[in-house]
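Right, one structure below, let's go through it.
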Amino acid sequence: MADTSGIPTASEALARLDMPLTEAMLTQRAVRRVYPDPVDDAVVMKCIEMALHAPTGANGQNWEFIVVKDLAVKKKLAKRYRQAWTLYYQTVIRRVSKKDPSMAKTARAVQWQVDHFAEVPVLIVACLRLGAKEGRIPLVPMPHAALSGYFGSIYPSVQNLLLAARAMGLGASLITLPLWSVSSTRRTLGLPMSVTPCCVVPLGWPRGRYGPTTRRPVTEVMHFNTYGNRPWMGTGS
């Protein structure tokens with residue numbers, strides 16, 4: 001049986017929000033394996049409160065966060081997650097994993113999350129709301145800038161949520177595969193057509209530890225003015 005004696009109380013978790021930002025950013029990672037033990041509502045609410053301090057396009061503040069704890073609802077989302085992951089794994093991930101050990105490790109973690117999704121204590125579905133006149137996102141293709149700007153109003157808030165979760169010691173990750181069918185998600189969550197589900201953040205106390213992440217050097221991904229122009233690496237001018 002797993003040892004869950006280290007799970008903090010709500011007050012202990014909230015007190016950890018004074019973690020230095022740099023530490024939270026450098027040790028944040030997608031934590032998919034979590035215990036089924038409950039997460040106090042005060043802790044969940046604090047995560048969302050921190051999310052609300054992120055900027056949004058035109059200061060629209062048009063977020064909506066659905067907190068899912070009901071087992072029946074989680075099972076419906078889990079079914080969609082399993083269907084989408086199976087398809088994605090069979091067509092893409094399995095082939096890549098054979099050549100990339102790090103991808104194989106990630107795939108095993110995702111598979112664990114898929115298999116235990118209904119056991120995750122809290123699922124937060126981050127959504128965006130359009131005005132009553134606009135209704136849902138139109139079916140016709142949107143200009144790239146408009147579409148990018150629309151979803152750009154949710155992800156800064158989700159990152160705030162993830163950093164708050166990290167500081168308080170919660171395991172969390174950002175996933176989208178459970179939303180494979182938007183119409184099914186709308187039915188499951190009772191969403192009006194003016195509210196679009198964007199991503200899911202599963203929350204729980206982690207089975208494991210946080211730690212420094214391995215990333216590519218910044219010099220390998222930074223370009224000056226135009227793509228490929230990296231004079232510090234001897235390319236471009």
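As a basis for the values below, the full set of heavy atoms in this structure was taken, side chains included, without hydrogen atoms, waters or symmetry mates.
- Pairs passing the ring-ring contact (aromatic ring centres under 6.0 Å, His included) check and including a residue from residues 158-210, sequence neighbours excluded, do not occur.
- Contacts classified as side chain to side chain donor-acceptor pair (under 3.5 Å) and involving residues 155-165 (residues at least two apart or in different chains) are given here: Q28-Q159.
- Every residue two or more places apart in sequence or in another chain that forms a side chain to side chain contact (heavy atoms under 4.5 Å, CB included) with K105 is listed here: R108.
- With sequence neighbours excluded, no residue satisfies side chain to side chain donor-acceptor pair (under 3.5 Å) with N225.
- M25 belongs to a hydrophobic cluster whose remaining members, ordered by chain and number, are L21, L163; membership requires side-chain heavy atoms of ILVMFWY residues under 4.5 Å apart, directly or through intermediates.
- Every residue was checked against the salt bridge (charged side-chain N to carboxylate O under 4.0 Å, His left out) condition with R215, not counting sequence neighbours, and none meets it.
- Looking at residues two or more places apart in sequence or on another chain, you find a side chain to side chain donor-acceptor pair (under 3.5 Å) between S184 and R80.
- Remark: A15 engages no residue in a side chain to side chain contact (heavy atoms under 4.5 Å, CB included) (not counting sequence neighbours).
- With sequence neighbours excluded, the residues forming a side chain to side chain donor-acceptor pair (under 3.5 Å) with D115 are Q111, listed by chain and number.
- Listed by first and then second residue, the salt bridge (Lys or Arg N to Asp or Glu O under 4.0 Å) pairs involving residues 45-65 are K46-E49, E64-R129 (not counting sequence neighbours).
- For S102, the side chain to side chain donor-acceptor pair (under 3.5 Å) criterion is met by D100, not counting sequence neighbours.
- The salt bridge (charged side-chain N to carboxylate O under 4.0 Å, His left out) test applied to K69 returns D41, not counting sequence neighbours.
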